[in-house]
Amino acid sequence: MVFEVMKVPTTPFEGQKPGTSGLRKKVKVFVQPHYLQNFVQATFNALTPEKVKGATLVVSGDGRYFSKDAVQIIIKMSAANGVRRVWVGQNGLLSTPAVSAVIRERVGADGSKATGAFILTASHNPGGPNEDFGIKYNMENGGPAPEALTDKIFENTKTIKEYLIADELREVDISTIGVTNFSGPDGPFDVEVFDSASDYVKLMKSIFDFELIRKLLSSPKFTFCYDALHGVAGAYANRIFVEELGAQQSSLLNCTPKEDFGGGHPDPNLTYAKELVERMGLGKSNSGVEPPEFGAAADGDADRNMILGKRFFVTPSDSVAIIAANAVGAIPYFSSGLKGVARSMPTSAALDVVAKSLNLKFFEVPTGWKFFGNLMDAGQCSICGEESFGTGSDHIREKDGIWAVLAWLSILAYRNKDNINGDKLVTVEDIVRQHWATYGRHYYTRYDYENVDAGGAKDLMANMVKMMSSLDEVNTIVKGARSDVSKVVNADEFEYKDPVDGSVSKHQGIRFLFEDGSRLVFRLSGTGSEGATIRLYIEQYEKDPSKIGRDSQEALAPLVEVALKLSKMQEFTGRSAPTVIT
């Protein structure tokens, strides 16, 4: 079929500034005439010509509401802008980590390689006609677009006057694997629909010892549960856990991807992964059924993960530290050693202690996976993580939820390889408690205040910046709230100079550092689609083996009290309690 290119006049929309996670808005915003088209054209205009003309692009996402329409629009715009071919995961489904893997690993029948991708996701936010949609662009290294490009995209959205589209191009059947050929002014244009899981499964099998994990899963003493929260992880769960590793089909929960995530909130934490939390024995009710030994959950686009043991929650900060401490022995990909490790600034310092003990390079970066990507591209980082349930390695340039689950299963399989037929297996809780006994425990919690008034949130942050200039005043408030809390010895706004490209990131969160190693961190988060989210991080380090077994919320209660008094949280936000406690 021959198509023609149309130039469609348009006018700019306000607020099309992509953050580190792309552009996220309510569906009702994206379905406005020209809204998505403006952003896509602004992206094409921001890219260098060789990344567009004659290029191969990936277009897919987590399958949320409006994705199928968006895929067709982007195919038509790609054709009009001179792209040579578009690769689409079957049914428009590709997890964010799988997109990164496809960009880095997949080679077309004609030898073609992808130079970038439009990923359609709003991550862990809800989906549906009245909920969230999002789009982001990833680069040829498989990682998110750097700030220089997202700034350029934003500038283009403010001046855009027209976009190019092959509007007469017939819709491609994205439910069927195969190639559809078209012809246009720049020559041939193809759309290839391919199996969503194959490239990713192949990559995972090259990283982990699937045979060893299979032995663990076949043990009658080991039980397993995986909850995809009706996100795109469901497109991989059956292939990896059931077909490749031999888990029971009944061990998969909510693994059918749905446009509205089954009406749930696809955020893998103790608040939203209710069914898994109950099944693992951490809920309020007691069913009397013995919980599985291991449980895990994913978010909407499968880049986040939550790890649970029987009646036991593993904090994401502990999770990345434990993976790093065990990786060389348990995961073949790392058998020759780790290049270095990194964490986001709000993440607890558990990883720092492991890095120091193992004499590894260590980096503390702002929140945003692109900072890890720079270190990885420079060969300086092997494993990294952030407290917001993101963990990953240098196999791709995105965080990777299923990778983290396989890493934990690998550690469990390795620790039990000589004991698979013994009386008792080493459990998740055993591994975590052994880690605390070796490295000390970082008591840690995060309070999220979601959709608060943006003005109040900014005033709260501004007030704390002002307070940082007088530590005496800060310590007066601290002691007035709790006399048993250590004094603040430093307060600052975190700033990061990238050791790879020299770029400087300012205003990355307000930190109060205490004499005993405790920390309070306040951050404004940009991951919601409206309002503002204030995240409060509370951390206390304990080396005394007799004090590492306390309840986390109980241990942190004095610091929580101090944080709320110091920030005047209720006064500025009107909230007497957080939306989510992790």
Side-chain angles (χ1 to χ4, degrees), residues 95 197 200-201 204-205 207-257 266 268-270 273-283 287-299 302 304-314 316 318-319 322-323 326 330-331 389 391 400-432:
S95 71
Y200 182 78
V201 173
M204 292 302 105
K205 289 176 81 171
I207 294 169
F208 300 102
D209 184 343
F210 270 43
E211 194 49 46
L212 192 63
I213 300 172
R214 181 182 266 277
K215 282 179 186 167
L216 175 72
L217 266 62
S218 68
S219 167
K221 289 191 278 302
F222 187 81
T223 41
F224 164 84
C225 184
Y226 183 78
D227 188 349
L229 294 174
H230 288 302
V232 74
Y236 303 86
N238 194 67
R239 283 282 285 278
I240 291 174
F241 299 123
V242 177
E243 291 180 25
E244 293 287 346
L245 295 172
Q248 297 294 314
Q249 188 75 44
S250 58
S251 62
L252 303 185
L253 269 179
N254 305 315
C255 279
T256 303
N269 59 40
L270 295 171
K274 294 185 183 75
E275 195 174 344
L276 177 70
V277 167
E278 288 288 341
R279 192 180 281 204
M280 295 304 297
L282 287 165
S287 66
V289 178
E290 190 65 7
E293 289 297 328
F294 179 85
D299 70 333
R304 298 181 188 220
N305 72 94
M306 176 170 68
I307 303 296
L308 302 173
K310 183 188 290 186
R311 302 186 187 93
F312 192 83
F313 168 65
V314 183
D318 278 344
S319 180
I322 289 165
I323 291 171
N326 290 274
I331 301 171
F389 297 88
T391 326
D400 190 344
I402 289 177
W403 174 91
V405 175
L406 291 170
W408 265 92
L409 289 173
S410 296
I411 293 165
L412 285 161
Y414 181 74
R415 291 285 191 94
N416 286 293
K417 67 178 179 182
D418 300 322
N419 184 44
I420 209 76
N421 299 312
D423 292 336
K424 185 183 182 299
L425 295 179
V426 175
T427 67
V428 170
E429 184 172 353
D430 292 337
I431 288 168
V432 176

Can you find a pair of side-chain heavy atoms, one from [X] and one from [Y], that are under 4.5 Å apart?
X: Leu245; Y: Phe224; result: no
X: Phe312; Y: Leu282; result: no
X: Ser410; Y: Leu212; result: no
X: Phe313; Y: Met306; result: yes
X: Leu409; Y: Leu217; result: yes

How many angstroms lie between [atom1] in [X] and [atom2] in [Y], if you round to the nearest 0.5 Å?
X: Asp227; Y: Ser251; atom1: CG; atom2: OG; result: 11.5 Å
X: Gln248; Y: Ser218; atom1: CD; atom2: OG; result: 10.5 Å
X: Lys215; Y: Asn421; atom1: NZ; atom2: CG; result: 10.5 Å
X: Leu406; Y: Ile411; atom1: CG; atom2: CD1; result: 11.0 Å
X: Ile207; Y: Trp403; atom1: CD1; atom2: CH2; result: 8.0 Å
X: Asp299; Y: Phe389; atom1: CG; atom2: CZ; result: 10.5 Å

Mind checking what makes side-chain contact (heavy atoms from CB on, under 4.5 Å) contact with [X], not counting sequence neighbours?
X: Ser219; value: Lys221, Phe222, Ile420, Leu425
X: Pro291; value: Lys310, Arg311
X: Ala237; value: Tyr226, Phe241, Leu252, Cys255

For this session: Let me know which of Leu216, Leu308, Ile307 forms a side-chain contact (heavy atoms from CB on, under 4.5 Å) with Phe294.
Result: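 Exactly one candidate clears the test, Ile307.
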For this session: Hey, could you give me each pair passing salt bridge (charged side-chain N to carboxylate O under 4.0 Å, His left out) that has a residue in residues 418-431? Not counting sequence neighbours.
Result: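 Checked against salt bridge (charged side-chain N to carboxylate O under 4.0 Å, His left out) - neighbours excluded - the pairs reaching residues 418-431 are Lys424-Asp430, Glu429-Arg433.
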Say whether, by atom type as modelled, one donor and one acceptor occur between the side chain of [X] and the main chain of [Y] under 3.5 angstrom.
X: Asn416; Y: Val426; answer: yes
X: Tyr414; Y: Ile213; answer: no
X: Thr223; Y: Glu293; answer: yes
X: His230; Y: Pro257; answer: no

For this session: Sequence neighbours left out, what passes side chain to side chain donor-acceptor pair (under 3.5 Å) with Arg279? Give chain and number order.
Result: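 For Arg279, no residue satisfies side chain to side chain donor-acceptor pair (under 3.5 Å) once neighbours in sequence are set aside.
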Problem set entry | side chain to side chain donor-acceptor pair (under 3.5 Å) partners of Asp400, counting only residues at least two apart |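 Asp400 satisfies side chain to side chain donor-acceptor pair (under 3.5 Å) with Tyr200, His395 once adjacent residues are dropped.
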Kindly give the heavy-atom pair with the smallest separation between [X] and [Y], and that separation in Å.
X: Ala298; Y: Ala302; value: CB-CA, 4.3 Å
X: Ala228; Y: Asn254; value: CB-O, 3.4 Å
X: Thr391; Y: Ile323; value: CG2-CD1, 4.0 Å
X: Pro268; Y: Arg304; value: CG-CB, 3.9 Å
X: Cys225; Y: Leu276; value: SG-CD1, 3.6 Å

Exercise. Is the number of heavy atoms from other residues, nucleotides or ligands within 6.0 Å of CD (Glu243) greater than 12?
Worked result: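 Yes, enclosed.
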Problem set entry | Test salt bridge (Lys or Arg N to Asp or Glu O under 4.0 Å) applied to Arg239 and Glu244, step by step | CA-CA 6 Å; Arg239 283 282 285 278; Glu244 293 287 346; 5.7 Å; no
For this session: Under the side-chain hydrogen bond (donor to acceptor under 3.5 Å, both in side chains) rule, what do Asn326 and Arg415 come out as? Steps first, then yes or no, please.
Result: CA-CA 10 Å; Asn326 290 274; Arg415 291 285 191 94; 3.1 Å; yes
